[in-house]
There are 2 protein chains.
Amino acid sequence: MTGKLDQVFAALADPTRRAILSMLLEDDMAVTDVAHPFEMSLAAISKHLGVLTSAGLISQEKRGRVKWCKLEPDALRGASVWMQGFGQFEPVNLDAFERFLAVELSGPVMPPEAGE
Amino acid sequence: MTGKLDQVFAALADPTRRAILSMLLEDDMAVTDVAHPFEMSLAAISKHLGVLTSAGLISQEKRGRVKWCKLEPDALRGASVWMQGFGQFEPVNLDAFERFLAVELSGPVMPPEAGE
DNA sequence: GCAATCGTCAACCGAATGGTTGAATAAGCA
DNA sequence: TGCTTATTCAACCATTCGGTTGACGATTGC
């Protein structure tokens, strides 16, 4: 019953995992290549990738014998939006903001700009 | 040596702590009052407040025998900025939110219950 | 077929986390 | 003074976390 926000924030709380996400920002990578810069076992990296995957922050697809890791930045959206609630400091609007999020996150009400 | 980002994200990874931050968004509160809605001991809440404090997300000031907790939203900035690095999701649709507010505030506003 | 590569699994370890209780400290009030 | 309220501290407990190692299944290439 652990909420998605719990998982996302917990996943982001580890510097190794944040580094992995940054690496994937540049390109998709195989597990072995992800592991290469780190001074820890492949199994450890595999676990980190598991955490990132179940948080939805990356996806993994096996092609042949290599498993490719792909960043899924949309998973950060919920967390980002939650934090924005503290950015513009308007106590009055908090409730409205939460309702806005309910609408906003349940589906694209309004495409940002000129289609997707 | 644990980085600030580690602490901030780890602090946000717990639903009780996120709920506390949301409560503090409305107003400063005494520790006892923060604890009141939760079904756990005061000591547990005190620990959570300790975590939030050392992450810099709140500050605590003792006046008389009561200790006041105050939100420090600036502490979220670093985390927010880090996440923006992944942002195909623009920093919330502020425009959309404002449009939403315009509609919302002209109609009936019903208070939902607090918490996440 | 056989060996090397890719990645996970299982068991284990020490440390951190989230909670509990009960005692201790500190401040206000009768 | 002594009682009550506010908060933390200390010890303990179960669970999770981040890491290790070694064995294993799957895939590829010689």
Side-chain angles (χ1 to χ4, degrees), chain A residues 1-24 27-71, chain B residues 1-24 27-71 115-116:
Chain A
M1 183 110 33
T2 310
K4 255 312 185 217
L5 273 186
D6 296 35
Q7 283 175 268
V8 169
F9 281 128
L12 296 181
D14 185 280
T16 300
R17 288 193 292 260
R18 287 199 307 276
I20 291 174
L21 292 178
S22 293
M23 290 164 57
L24 291 176
D27 209 350
D28 298 357
M29 295 178 79
V31 171
T32 308
D33 294 332
V34 169
H36 190 248
F38 298 97
E39 288 177 341
M40 70 180 70
S41 69
L42 186 59
I45 295 293
S46 182
K47 280 193 194 178
H48 280 304
L49 291 173
V51 172
L52 290 170
T53 299
S54 53
L57 289 164
I58 68 171
S59 59
Q60 291 179 286
E61 183 200 356
K62 192 169 178 182
R63 274 202 306 273
R65 74 178 154 178
V66 28
K67 202 166 184 177
W68 293 91
C69 304
K70 181 176 183 307
L71 189 64
Chain B
M1 194 72 164
T2 308
K4 257 308 187 217
L5 273 187
D6 297 35
Q7 282 175 268
V8 168
F9 281 129
L12 296 181
D14 185 282
T16 301
R17 289 193 291 260
R18 287 200 306 278
I20 291 174
L21 291 178
S22 292
M23 289 164 57
L24 291 177
D27 208 351
D28 298 357
M29 295 178 79
V31 172
T32 307
D33 294 331
V34 168
H36 189 249
F38 298 97
E39 287 177 341
M40 70 181 70
S41 70
L42 187 59
I45 295 294
S46 183
K47 280 193 192 178
H48 280 304
L49 292 172
V51 172
L52 290 170
T53 299
S54 54
L57 289 164
I58 68 171
S59 59
Q60 292 180 285
E61 182 200 358
K62 192 169 180 182
R63 273 203 308 273
R65 74 179 152 176
V66 24
K67 203 166 185 178
W68 293 91
C69 304
K70 181 176 183 307
L71 189 64
E116 189 198 351

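Labels below follow one simple rule: chain letters A, B, ... track the order of the sequence lines, proteins then strands, and each chain is numbered from 1. Heavy atoms only: backbone and side chains are in, while hydrogens, waters and symmetry mates are out.
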Q.
Expressed as a whole number of angstroms, how long is the span from A:Ile45:CD1 to C:dC9:P?
A. 16 Å
Q) Of the nucleotides D:dT8, C:dG19, C:dG18, which has the atom closest to the B:Val31 side chain? A) D:dT8
Q | Whole-Å distance separating the NE2 atom of A:His48 from the P atom of D:dT16 | A | 18 Å
Q: Quickly work out the A:Leu49 CG to C:dT8 P distance and round it to whole Å.
A: 7 Å
Q: For B:Phe38 and C:dG19, give me the distance from atom CZ to atom P, rounded to whole Å.
A: 10 Å
(Q) As an exercise, state the distance from CE of B:Met29 to CG of B:Leu49, rounded to the nearest 0.5 Å. (A) 10.0 Å
**Q.** Under 4.0 angstrom between B:Lys47 side-chain N/O and C:dT17 OP1 or OP2
**A.** no
Q.
Quick check: do A:His48 and A:Phe38 have side-chain heavy atoms less than 4.5 Å from each other?
A. no
Q: Enter the distance from B:Leu52:CG to B:Ile45:CD1 here, rounded to the nearest 0.5 Å.
A: 9.5 Å
Q: Compare all side-chain heavy atoms of B:Val51 with those of B:Leu57 and state whether any distance is below 4.5 angstrom.
A: no
Q: Rounded off to whole Å, could you give me the CG-to-C1' distance for the B:Leu52 and C:dG18 pair?
A: 13 Å
Q: Output the distance between atom CG (A:Asp27) and atom CG (A:Leu71), rounded to the nearest 0.5 Å.
A: 11.0 Å
Q | Integer-rounded Å distance: C:dC6 P and A:Trp68 CH2 | A | 11 Å
Q. From B:Asp14 CG over to A:Leu5 CG, what is the distance, rounded to the nearest 0.5 angstrom?
A. 12.0 Å
Q. In Å, rounded to the nearest 0.5 Å, how long is the span from CG of A:Leu12 to CZ of A:Arg18?
A. 7.5 Å
Q.
Any side-chain N or O of B:Ser41 below 4.0 angstrom from OP1/OP2 of C:dG19?
A. no
Q | From D:dG18, D:dT8, C:dG19, nucleotide with atom closest to B:Ala44 side chain | A | C:dG19
**Q.** A:Met40 CE - D:dC17 P separation (whole Å)
**A.** 16 Å
Q) Which nucleotides of nucleotides 22-30 of chain C have their base under 4.0 Å from a protein heavy atom (B), which only their sugar-phosphate (S), and which neither (-), written as one string 5' to 3'? A) -----BS--
Q) To the nearest Å, how far apart are A:Glu39 CD and D:dT20 P? A) 10 Å
